[in-house]
**Q** 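Here's a structure for you.
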2 protein chains.
Amino acid sequence: MHTYTEENYLKAIYKLSEHSEEEVTTNAIAELLETKSSSVSDMLRKLAEKDLIHYTKYRGVTLTEAGRQVAVRIIRKHRLWEVFLVEKLGLGWEEVHPMAEELEHIDFERLIERLDAFMGYPKRDPHGDPIPSASGEVEMPRSCKLSEMNLATPLLVTGISNHTTAFLQYLDKLDLGLGTKLVIDEIMPFDRSMLVTINQGKQLHLSHEVAKNILAVVSESQR
Amino acid sequence: MHTYTEENYLKAIYKLSEHSEEEVTTNAIAELLETKSSSVSDMLRKLAEKDLIHYTKYRGVTLTEAGRQVAVRIIRKHRLWEVFLVEKLGLGWEEVHPMAEELEHIDFERLIERLDAFMGYPKRDPHGDPIPSASGEVEMPRSCKLSEMNLATPLLVTGISNHTTAFLQYLDKLDLGLGTKLVIDEIMPFDRSMLVTINQGKQLHLSHEVAKNILAVVSESQR
DNA sequence: CTATAAATTTAGACAGGTCTAAAAATAAGT
DNA sequence: ACTTATTTTTAGACCTGTCTAAATTTATAG
Ligand SMILES: [Mn+2]
Ligand SMILES: [Mn+2]
Ligand SMILES: [Mn+2]
Ligand SMILES: [Mn+2]
């Protein structure tokens, strides 16, 4: 249908516009895709030609409905494969992302549908991200960055917004993962690092950078 | 490592040299890959440059050991994925080949190894083809074409050498698959079609073209 | 051995994608 | 408003892989 490259551009634009209403910039895409902005400019022209994006030169881009459908479908496949790799093949959540980056481009309706069924129609991937439905709906979870939450409130870790191997391995070492209960005990003003207690036990010291990449909700159990 | 295209050429050369000692010709590759012979010539020059094939202009090609390793590894992945698609996802043997054509290019050592383990280290794919080992050994099954076997001998179907959807669906309709026991009752001299009895029951009429693509061995039970 | 046919390779063009360097447009600073 | 800095786009080149048409080599048939 589309080339792998086109798909990667559409996915990048989707991810960059996911959490804000602003137009996506050429440089932002170049940085995410580790390519040059001149290459991005070129590709934007082509994608606009195919009506996959709205593009005004020098002004940035947004996805058209057609472009959004393509992007969401890729993300659906990416996350379904990640569930498979972790749940069925027993691979670690820190190593599956690069594999899913390639598997996501394979496009057979029956394969996706069967994979979904085999996994029991999962709602979230191993990093806590929502799996878009076959019709392209994405449930936007209302979790917040740990770095923006309040002291002394029972919290539940529901997502990780940095999928690099290094970061996920670090969380493993800390014994911190999806479903971990935690309370912020103290926030250091000078570097915004924090002390937290996990699962009513061990106390950890998390840098602001780490806390920014952990998503949490206020724990149900206290309501 | 290599591009998908290079991999497809190496696989094609492997398949064409699998059952004969002769050099593989440019035209044979072009036909298998549904491309033009001028494109093949070009690619052969590049593959020889990378020492993946032995190539003498106008004389045909053979794989080097390095080239063979690449080809066999692709085939290993192709067949492992086919087992997964049929055994775990419940897809039909007639529809998995195009999917495996794409999955075979995804190359992560740990993924292959885990997939192999998940499937219980299968020896054959859903079409009866042997799955190469991780170290590149391929057990060459000594089955023969049904079209070349003798009358009145108990036979066992062990492989299918045509993976097209149309052919496999036809076999499904005939109730003929891997593991089917059969005896050749009669061979019509004028068109070499044959009457066979399967599983000691139904009698079928198979064209020579069909019989050529069914692989069988003399059934153990009679020895 | 020579003429023709078949197979193969080369030449030249093109499409998709990337890069560097240069030009153009927009944003920022005073 | 004017000048400078930043962002973005264009120009020109290159790489991979494909094609058609033409040239070359090898095979086949008298
Ligand atoms: Mn991922
Ligand atoms: Mn994920
Ligand atoms: Mn196959
Ligand atoms: Mn097969």
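All values reported here derive from a predicted model rather than from experimental measurement. Every chain is numbered from 1 and lettered A, B, ... according to where its sequence line falls, protein lines coming before strand lines.
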**Q** Verify the ring-centre separation between A/F84 and B/F84: is it less than 6.0 angstrom?
**A**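 Close enough - the centres of the two rings lie under 6.0 Å apart.
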**Q** Starting at atom CD of A/E31, determine the distance to atom C1' of D/dT6, rounded to an integer number of angstrom.
**A**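 Atom-to-atom, A/E31 to D/dT6, this comes out as 15 Å.
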**Q** Take A/E82 and A/R124, measure what salt bridge (Lys or Arg N to Asp or Glu O under 4.0 Å) needs, and give me the verdict at the end.
**A** CA-CA 10 Å; A/E82 282 188 346; A/R124 301 301 186 95; over 6 Å; no
**Q** Distances under 3.5 Å between protein N/O atoms and the N/O atoms of nucleotides 13-16 of chain D, please, pair by pair.
**A**
none

**Q** Let me spell it out: for each of A/Y58 and B/T25, pick the nucleotide of DNA chain C with the closest heavy atom. Which residue's pick is nearer the 5' end?
**A**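 The residue closer to the strand's 5' end, by nearest nucleotide, is B/T25.
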**Q** CD of A/E23 versus P of D/dT7: gap in Å, rounded?
**A**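 So the two atoms are 17 Å apart, to the nearest Å.
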**Q** For DNA chain C, which nucleotides open and close the run of contacts to chain B, 5' to 3', at under 4.0 angstrom from a non-hydrogen atom?
**A**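 Boundary nucleotides touching chain B, in 5' to 3' order, are C/dA7 to C/dT10.
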**Q** Hey, can you tell me if B/H97 and B/H78 have their rings parallel, tilted or perpendicular (30° and 60° cut-offs)?
**A**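 Tilted, since the angle between the ring planes falls between 30° and 60°.
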**Q** If only side-chain N and O atoms of B/T35 are considered, is one of them under 4.0 Å from the OP1 or OP2 phosphate oxygen of D/dC19?
**A**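 Yes, B/T35 has a side-chain N/O under 4.0 Å of OP1/OP2 on D/dC19.
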**Q** Between A/I53 (CD1) and D/dT8 (C1'), how many Å, whole number?
**A**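 These atoms are roughly 14 Å apart.
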**Q** Sequence neighbours left out, what passes salt bridge (Lys or Arg N to Asp or Glu O under 4.0 Å) with B/R110? Give chain and number order.
**A**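 Scan of B/R110 (salt bridge (Lys or Arg N to Asp or Glu O under 4.0 Å), adjacent residues dropped) gives A/E95.
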**Q** Quiz question: by atom type and distance under 3.5 Å, do the side chains of A/E209 and A/S207 form a donor-acceptor pair?
**A**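 Absent: no donor and acceptor within the cut-off.
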**Q** Whether A/S37 contacts D/dT8 is assessed here as follows: a side-chain N or O lying under 4.0 Å from the phosphate OP1 or OP2. Is that the case?
**A**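 No, outside the criterion.
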**Q** Run the salt-bridge test on A/K46 and A/E6 with the 4.0 Å N-O cut-off and return the result as yes or no.
**A**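 Between A/E6 and A/K46 there is no salt bridge, as every charged N stays at least 4.0 Å from the carboxylate O atoms.
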**Q** Would you kindly say whether B/T25 and B/N27 are connected by a side-chain donor-acceptor distance under 3.5 Å?
**A**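 No - no donor-acceptor pair under 3.5 Å links their side chains.
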**Q** Counting N and O atoms only, with roles assigned by atom type, does the side chain of B/H127 sit under 3.5 Å from a partner on the main chain of B/W93, one being a donor and the other an acceptor?
**A**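 Between the backbone of B/W93 and the side chain of B/H127 there is a qualifying donor-acceptor contact (under 3.5 Å).
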**Q** Counting the atoms with a prime plus P, OP1 and OP2 as sugar-phosphate, which does B/T26 contact under 4.0 Å by heavy atoms, base, sugar-phosphate, or nothing?
**A**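 Sugar-phosphate, no base atom in range.
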**Q** Please tell me which of A/R59 and A/E34 maps to the more 5' nucleotide of DNA chain C, matching each residue to the nucleotide holding its nearest heavy atom.
**A**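 Of the two residues, A/E34 wins.
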**Q** Reckon B/Y4 touches a base, only the sugar-phosphate, or nothing at all at heavy-atom distances under 4.0 Å?
**A**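 If one applies the 4.0 Å heavy-atom cut-off, B/Y4 turns out to touch nothing in the nucleic acid.
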**Q** Cut-off 3.5 Å, side chains only: do B/H105 and B/E7 have a donor facing an acceptor?
**A**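 The criterion, which ignores hydrogens and geometry beyond distance, is satisfied for B/E7 and B/H105.
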